[in-house]
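Single-structure report; data block below.
The basis for the numbers below is simple: all heavy atoms, side chains too, and nothing from hydrogens, waters or symmetry mates.
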Amino acid sequence: MDQESDKAIKYLKETKNAWYLFHCTHIDNIRNILQHGLLPRTSLEKQKISSTMRDTIRKDNLTNFTSLSISHPNYKLIYSRKYSLRTDEIQDIILQINSGDLRRVEGSALFFPENAAKSNKFTKHNFSPYTGISAVNKMFSAEVTHKNQTISRQEANIPRYFTTDPQAEILISGTIPPTLIRKVFTSSTKQQTYLEDLVKSFPNFKAPIVTDYTKFSRPDHWKALDYKKGD
């Protein structure tokens, strides 16, 4: 990581106790991830690596970055994909990366307090508001506005290691090698069995594969930020 990103990630881990980062991807992508690492879309296209894209529009236009969530996967993104396909089956899997390991990645990091694609404050050619320790702190702001309603982090009882907005994200340039994937979560034992058979072809990949549906669900403290009416 560049120096500013390195300091920010260290601060995130040590000050916010945010030990884990998560990336959601389609289960069909895992073979290429184990072969080539976790690559931004521009790198996939340049190297002509096939991929099942989960966001074909990519409104933030930051296709040279890979998105990571802090302490819990972006459940809103998972369910928007699920319901857009009109199926009860979740096709995503979740990759866990230790936040401290991210400092070993060659590249830089941007820190968005909300979904980068939805941020009306995002200036496409000015990344400075989203870099460094100050940008990390904005991800843990005391309040967040949702549908013209101000929601207090304290009143919602959000743990210190969770971002205030569930769609806050870290965007990483560069390749995240498969050796930094510390755990893989699936939403069904069927997926787990499939992946356990697949990774036998990659003997250097040692990360456990675990079925844990809670990783695909909404933590209670984010209930007030759900889009569902009356939920």
May I have the list of side-chain donor-acceptor pairs in residues 171-178 shorter than 3.5 Å, sequence neighbours left out?
from	atom 1	to	atom 2	distance (Å)
Ser173	OG	Ser108	N	2.8
Ser173	OG	Ser108	OG	3.2

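Taking every heavy atom of both residues into account, Ser217 and Pro219 meet most closely at O-CD, 3.4 Å. In terms of heavy atoms, His221 sits closest to Asn157 at CB-O, 3.7 Å. The minimum heavy-atom distance linking Ala8 with Gly132 is given by the pair CB-C, 3.7 Å. Taking both residues in full, the closest heavy atoms of Val136 and Tyr11 are given as CG1-CD2, 3.9 Å, listed atom of the first, atom of the second, then distance. Of all heavy-atom pairs between Trp222 and Thr164, the closest is NE1-O, 3.2 Å.
Applying the salt bridge (Lys or Arg N to Asp or Glu O under 4.0 Å) definition to pairs two or more places apart or across chains, none involves residues 150-167.
You'll find the side chain of Ile27 reaches within 4.5 Å of the side chain of Tyr194, heavy atoms only. Using a 4.5 Å heavy-atom threshold, the side chains of Asn98 and Tyr20 count as touching. Looking at Met139 and Phe112, their side chains never come closer than 4.5 Å, going by heavy atoms from C-beta outward. In this structure the side chain of His26 reaches within 4.5 angstrom of the side chain of Asn29, judged on heavy atoms. You'll find the side chain of Ile181 reaches within 4.5 Å of the side chain of Ile33, heavy atoms only. A heavy-atom distance below 4.5 Å is not found between the side chains of Gln96 and Leu21. Between Lys76 and Gln167 the shortest side-chain heavy-atom distance falls below 4.5 Å. Proximity of Pro166 to Tyr75: side-chain heavy atoms (C-beta onward) are separated by under 4.5 Å at one or more points.
No donor-acceptor contact under 3.5 angstrom links the side chains of Ser152 and Glu143, judged on distance only. In the model, Ser67 has a side-chain atom that pairs as donor or acceptor with a side-chain atom of Glu169 under 3.5 Å. A donor-acceptor pair shorter than 3.5 Å can be found between the side chains of Asp2 and Ser5. Under the 3.5 Å distance criterion, with hydrogens and angles disregarded, no donor-acceptor pair is assigned to the side chains of Gln149 and Thr145.
Heavy-atom neighbours of Phe205 CZ from other residues, nucleotides or ligands within 6.0 Å: above the threshold of 12. Shown here is Asp197, whose CG atom has more than 12 heavy atoms of other residues, nucleotides or ligands within 6.0 Å. By the neighbour-count criterion of 12 heavy atoms within 6.0 Å, atom CD of Glu196 is densely surrounded, having more than that number from other residues, nucleotides or ligands. By the 6.0 Å contact criterion, CD on Gln47 is enclosed, its count of non-hydrogen atoms from other residues, nucleotides or ligands being greater than 12.
With rounding to the nearest 0.5 Å, the separation of CG in Leu39 from CG in Asn64 is 12.5 Å. Atom CG of Asn74 is separated from atom SG of Cys24 by 6.5 Å, given to the nearest 0.5 angstrom. Taking OG from Ser187 and CD from Gln91, the interatomic distance works out to 9.5 Å, rounded to the nearest 0.5 Å. To the nearest 0.5 angstrom, Thr63 atom OG1 is 9.5 Å from Phe65 atom CZ. We find the CD1-CZ distance between Ile97 and Arg182 to be 9.5 Å, quoted to the nearest 0.5 Å. Between the OG1 atom of Thr131 and the NZ atom of Lys7 there is a distance of 12.5 Å, given to the nearest 0.5 Å.
With respect to the salt-bridge test (charged N to carboxylate O, under 4.0 angstrom), the residues Asp101 and Arg104 qualify.
When the side chains of ILVMFWY residues are joined at heavy-atom separations under 4.5 Å, either directly or via intervening members, Ile30 and Leu77 end up in two distinct hydrophobic clusters. Side-chain heavy atoms closer than 4.5 Å link hydrophobic residues (I, L, V, M, F, W, Y) into clusters, and following such links, even through other members, never connects Leu34 to Leu44. When hydrophobic clusters are built by joining Ile, Leu, Val, Met, Phe, Trp and Tyr residues whose side-chain heavy atoms come closer than 4.5 Å, directly or via intermediates, Trp19 is not grouped with Ile133. No continuous path of hydrophobic side-chain contacts links Ile170 to Leu62 [ILVMFWY only; heavy atoms under 4.5 Å]. Hydrophobic clustering (side-chain heavy atoms under 4.5 Å, transitive across Ile, Leu, Val, Met, Phe, Trp, Tyr) keeps Phe216 apart from Val184.
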Apply side chain to side chain contact (heavy atoms under 4.5 Å, CB included) to residues Val210 and Lys183 and explain how you reach the verdict.
CA-CA 8 Å; Val210 180; Lys183 191 174 289 188; 4.1 Å; yes
Take Leu68 and Ile70 through the test side chain to side chain contact (heavy atoms under 4.5 Å, CB included) and record every step on the way to the result. CA-CA 7 Å; Leu68 299 174; Ile70 298 173; over 6 Å; no
- Message: Under the criterion side chain to side chain donor-acceptor pair (under 3.5 Å), I'd like the reasoning laid out for Gln192 against Thr211: C-alpha separation, chi angles, the key distance, then a yes or no.
- Response: CA-CA 6 Å; Gln192 179 178 343; Thr211 299; 2.5 Å; yes
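With sequence neighbours left out, the side-chain contact (heavy atoms from CB on, under 4.5 Å) criterion links Pro129 to Asn126. Annotation: salt bridge (charged side-chain N to carboxylate O under 4.0 Å, His left out) contacts of Lys215 (sequence neighbours excluded): Asp212. Among residues two or more places apart in sequence or in another chain, the salt bridge (charged side-chain N to carboxylate O under 4.0 Å, His left out) test is passed with Arg103 by Asp6. Under the side-chain contact (heavy atoms from CB on, under 4.5 Å) criterion, Asn204 pairs with no residue, sequence neighbours left out.
Annotation: cation-pi pair Lys16/Phe140 present, NZ/CZ under 6.0 Å from the ring centroid and within 45° of its normal.
Aromatic pair Tyr130/Phe111: ring centres not closer than 6.0 Å.
Although no hydrogens or angles enter the test, the distance criterion places a donor-acceptor pair under 3.5 Å between the side chain of Asn32 and the main chain of Ser50.
Note on ring orientation: taking the six-membered ring where Trp is involved, the planes of Phe185 and Phe22 are tilted (angle from 30° to 60°).
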